[in-house]
Amino acid sequence: MHKDLIFKKSVYAISELPTEMLPEVVLCGRSNVGKSSFINSFFGKKNLAKVSSDPGKTRSLNFYEIDKSFYVVDLPGFGYAKISQDERKRWGKLIEDYFRAAKSIALVFHFIDSRHEPMQSDLDLYKMISFYQLPYFIILSKADKLNQSQIASAKKTVSNYFPNFNFGTNLFFYSTVKGNWKRAIEKQLYIQLEQAKLNSKVANKPG
Ligand SMILES: Nc1nc2c(ncn2[C@@H]2O[C@H](COP(=O)(O)OP(=O)(O)OP(=O)(O)O)[C@@H](O)[C@H]2O)c(=O)[nH]1
Ligand SMILES: [Mg+2]
């Protein structure tokens, strides 16, 4: 399905954002939840994004270009204990500055490890991004680690925290190991990208 996947650039300061405008699909969430793994698995290119068993692997905003038609932006994960206070502040600021500066975010993917309850930092992230009123998906990652009854209880838990989200529309399970959850995300992703294109055509219409 995806033919052309390239790593575009790493951004360490807002002044370095790509100048070429494409719709952006932003991946955010706590460290180690599987954001970078998602890129490799979902877009079917091994080792495109750097993944590690050490949390805190992604330290910049990493832009990947998909089929010359949109960017996937891999953000550094938060909540990683072993980084310095200064570095944590710098990441937090970089992420907030990015949301403020970005002009073409089409969709936000917020990853939460399906084995754990959403944490305060997840709620804080949601609150921060909600301000921008962007299309927003929650991805419950590593679902291969759950059995059927754990899946059911994860569904209940997350619905308590995020009552205005619906499974199959903007709330999904995902696994890099089992492929059965991919299709639903893919479908909604392309709906949102089409919508973003339409919106930008309306916004750029002369007169
Ligand atoms: N079993 C299983 N393991 C996964 C899955 N997704 C990611 N992992 C593992 O989880 C670990 C962290 O994955 P990353 O993709 O590096 O996580 P990240 O969210 O990018 O982490 P940061 O860069 O620190 O923010 C790696 O060891 C992955 O192999 C999944 O769906 N199932
Ligand atoms: Mg990462």
Side-chain angles (χ1 to χ4, degrees), residues 2 5-12 24-66 71-99 107-126 128-129 136-148 150-151 154-155 157-158 167 171-186 189:
H2 310 286
L5 314 169
I6 56 166
F7 169 69
K8 185 82 177 175
K9 71 184 296 195
S10 287
V11 167
Y12 293 87
E24 290 162 34
V25 176
V26 183
L27 312 188
C28 59
R30 295 178 60 83
S31 187
N32 206 39
V33 290
K35 299 178 292 298
S36 302
S37 304
F38 174 87
I39 297 177
N40 296 330
S41 144
F42 191 82
F43 298 107
K45 194 163 176 176
K46 259 191 189 171
N47 309 323
L48 182 65
K50 292 212 171 56
V51 169
S52 158
S53 48
D54 301 332
K57 185 71 192 172
T58 307
R59 301 196 163 208
S60 45
L61 315 180
N62 292 332
F63 283 72
Y64 299 87
E65 194 183 288
I66 316 293
Y71 290 129
V72 171
V73 189
D74 190 15
L75 300 189
F78 52 83
Y80 174 48
K82 285 188 201 153
I83 60 165
S84 70
Q85 198 67 8
D86 275 0
E87 187 148 28
R88 194 172 311 172
K89 269 195 194 146
R90 196 182 64 75
W91 287 4
K93 185 173 180 320
L94 183 60
I95 292 170
E96 286 189 34
D97 286 352
Y98 165 65
F99 277 100
L107 180 59
V108 176
F109 279 13
H110 177 167
F111 285 76
I112 299 174
D113 189 323
S114 61
R115 295 168 298 174
H116 307 305
E117 274 196 36
M119 296 187 199
Q120 186 57 46
S121 50
D122 288 303
L123 304 176
D124 292 345
L125 179 73
Y126 176 61
M128 189 275 280
I129 301 174
Y136 201 100
F137 289 1
I138 294 174
I139 309 286
L140 303 175
S141 61
K142 308 194 186 185
D144 55 282
K145 300 205 180 220
L146 303 184
N147 63 32
Q148 280 311 313
Q150 290 167 322
I151 291 265
K155 274 187 169 181
T157 305
V158 80
F167 276 94
L171 181 55
F172 307 90
F173 284 98
Y174 189 73
S175 164
T176 59
V177 180
K178 288 191 192 170
N180 49 323
W181 287 288
K182 178 174 167 176
R183 188 69 196 100
I185 301 177
E186 206 162 47
L189 165 66

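Ligands are counted one by one from 1 in listed order, and the atoms in each one are counted from 1 as well.
For K9, the side-chain hydrogen bond (donor to acceptor under 3.5 Å, both in side chains) criterion is met by no residue, not counting sequence neighbours. Residues forming a ring pair (Phe, Tyr, Trp, His ring centres under 6.0 Å) with F38 (at least two apart in sequence, or on another chain): F42, F109, F111, Y174.
Only one option out of F172, Y126, F167, F173 pairs with F137 in a ring pair (Phe, Tyr, Trp, His ring centres under 6.0 Å); it is F172.
Of the heavy atoms in D144, only side-chain atoms (C-beta onward) come closer than 4.0 Å to ligand 1.
The distance criterion of under 3.5 Å between nitrogen or oxygen atoms is not met by P76 with respect to ligand 1. Residue D74 has no nitrogen or oxygen atom sitting less than 3.5 Å from a nitrogen or oxygen atom of ligand 1, judged on distance alone. On a distance-only criterion, K142 and ligand 1 share at least one N/O pair closer than 3.5 Å. Residue contacts with ligand 1: V33 is placed with a nitrogen or oxygen under 3.5 Å of a nitrogen or oxygen of the ligand (distance criterion only). In terms of polar-atom proximity, defined here as any N/O pair under 3.5 Å, F38 makes no such contact with ligand 1.
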Apply salt bridge (Lys or Arg N to Asp or Glu O under 4.0 Å) to the pair R183 and E186, showing each step before the final yes or no.
-> CA-CA 5 Å; R183 188 69 196 100; E186 206 162 47; 3.5 Å; yes
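For the pair K8 (side chain) and Y71 (backbone), a donor-acceptor distance under 3.5 Å is absent. Under the 3.5 Å distance criterion, the side-chain polar atoms of S114 are matched with a main-chain donor or acceptor of S141.
When the heavy atoms of S36, A143, S37 are ranked by distance to atom 7 (C) of ligand 1, first place goes to S37.
Counting backbone and side-chain atoms alike, N62 contributes no N/O/S atom closer than 2.8 Å to the Mg ion (ligand 2).
Using a 4.0 angstrom heavy-atom cutoff, S175 counts as in contact with ligand 1.
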